[in-house]
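Have a look at the structure below before the remarks.
Each ligand, and each atom within it, is numbered from 1 in the order the structure gives. Being a predicted model, the structure only gives us computed values, none of them experimental.
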Amino acid sequence: MASTQFNFMPVAIKPGSSACHYVGRFAPSPTGPLHFGSLVSAVASYLDAKANKGEWLVRIEDIDPPRESSGSSDKILRQLQEHGLQWDREVLYQSHRTEAYLSALKTLKRSGLIFSCHCSRQQLKEYAATHSYPCPPTSSSTLSSLRLLAEDNKIIIFDDIFQGQQRQSIKEEVGDMVLCRKDGLYAYQLAVVIDDCFQKITHVIRGSDLLESTPRQIYLQNLLKFPTPTYGHVPIAVDKEGRKLSKQNLAPSLGCQAATKNLTNAISWLGLSLPDKLSKTNHCDELLAWATAHWNHDKVPRMQQSQNPDNLK
Ligand code: GLU
């Protein structure tokens, strides 16, 4: 079977090396304030960037107003600063980037891979199983999404820093992904790819709940002739029932009074044991400087871990 491989050579970047200018990012959706799970992703991406003498950017992914909660963007930015996580360039807001998303859609349309569709994912699967065309043509009065036709035999393979080699068949495991929803909003997968390229992101370090999205993003990067960053997915925090700590699951917001405690917990979560002399510090900067100097991919746990609720405050 023909396969398209998008492997990238793992380049060992020594801290201080000028071989590649490292640009990392943290890209929260403003659906609520930061919780412990999102702090872990922010800290991991920050430490990886700083350990490589790189830049760390923050992008607010505010392209889904129905899911957003008012005031969350500002709150998240305040919380990051309260934890000593200072970004290196102006914050990019996806709500200001719709022209770029439209222009990428036009490029993809020219390749003949975009079709308009009013089916649910399930209907589409059933239709695709019995017909050669993905779904019946839509009348102009029906609300439709724009989908990207999954090409046959596209297998995406990539090496994740923490999770090892990953492989996904776009046709069988993803199907025709939505790039623009029926309500006219752009899909996360499209916007994230456009903006990672626009911001020249070289390294994407984020929670492993997004591991399955990465091959879709690499597939889109390939179609748009964009470079593919290096990816690393750190384990996500789950509650005692094994559910991801998320704003939707009402994970508690981080309290800023406990910023050094939150940071200590996040750093330990990522496999580093802080020295006793830092256990009483009130300075987030000291914790981050120590963790940057001791950041080690081999110490980051590979599996998701359950978070002790006492540590969530
Ligand atoms: N905005 C996404 C979220 O908050 C993360 C996107 C990404 O890191 O690629 O889950």
Q: Answer yes if the side chains of His203 and Asp48 hold a donor-acceptor pair under 3.5 Å, and no otherwise.
A: no
Q) Which is it for Ser29 and ligand 1 at heavy atoms under 4.0 Å: side chain, backbone, both or neither? A) both
**Q.** Parallel, tilted or perpendicular: ring planes of Phe162 versus Trp295, cut at 30 and 60 degrees
**A.** perpendicular
**Q.** Proximal atoms of ligand 1 relative to Pro28 (non-hydrogen, under 4.0 Å)
**A.** 1 (N), 4 (O)
Q) What residue pairs, at least two apart or across chains, pass ring-ring contact (aromatic ring centres under 6.0 Å, His included) with a residue in residues 165-187? A) Tyr101-Tyr186
Q.
Test of understanding: with side chain to side chain contact (heavy atoms under 4.5 Å, CB included), list the residues that count as partners of Thr264, not counting sequence neighbours.
A. Ser268, Leu274, Leu287
Q | Element-labelled atoms of ligand 1 that are located less than 4.0 Å from some non-hydrogen atom of Val192 | A | 9 (O)
Q. How about Asp276: does its CG atom have over 12 heavy atoms from other parts shown lying under 6.0 Å from it?
A. no
Q.
Please determine whether any non-hydrogen atom of Phe26 lies less than 4.0 Å from an atom of ligand 1.
A. no
Q) Given His233, Arg25, Gln217, which one has a non-hydrogen atom that is nearest to atom 7 (C) of ligand 1? A) Arg25
Q. When only distance counts, is Leu210 in polar contact with ligand 1, meaning an N/O pair under 3.5 Å?
A. no
Q: Kindly assign one of parallel, tilted or perpendicular to the pair Tyr231 and His233, based on the angle between their ring planes and the thresholds 30° and 60°.
A: parallel
(Q) Within ligand 1, which atoms have a heavy atom of Tyr188 less than 4.0 Å away? (A) 6 (C), 7 (C), 9 (O)
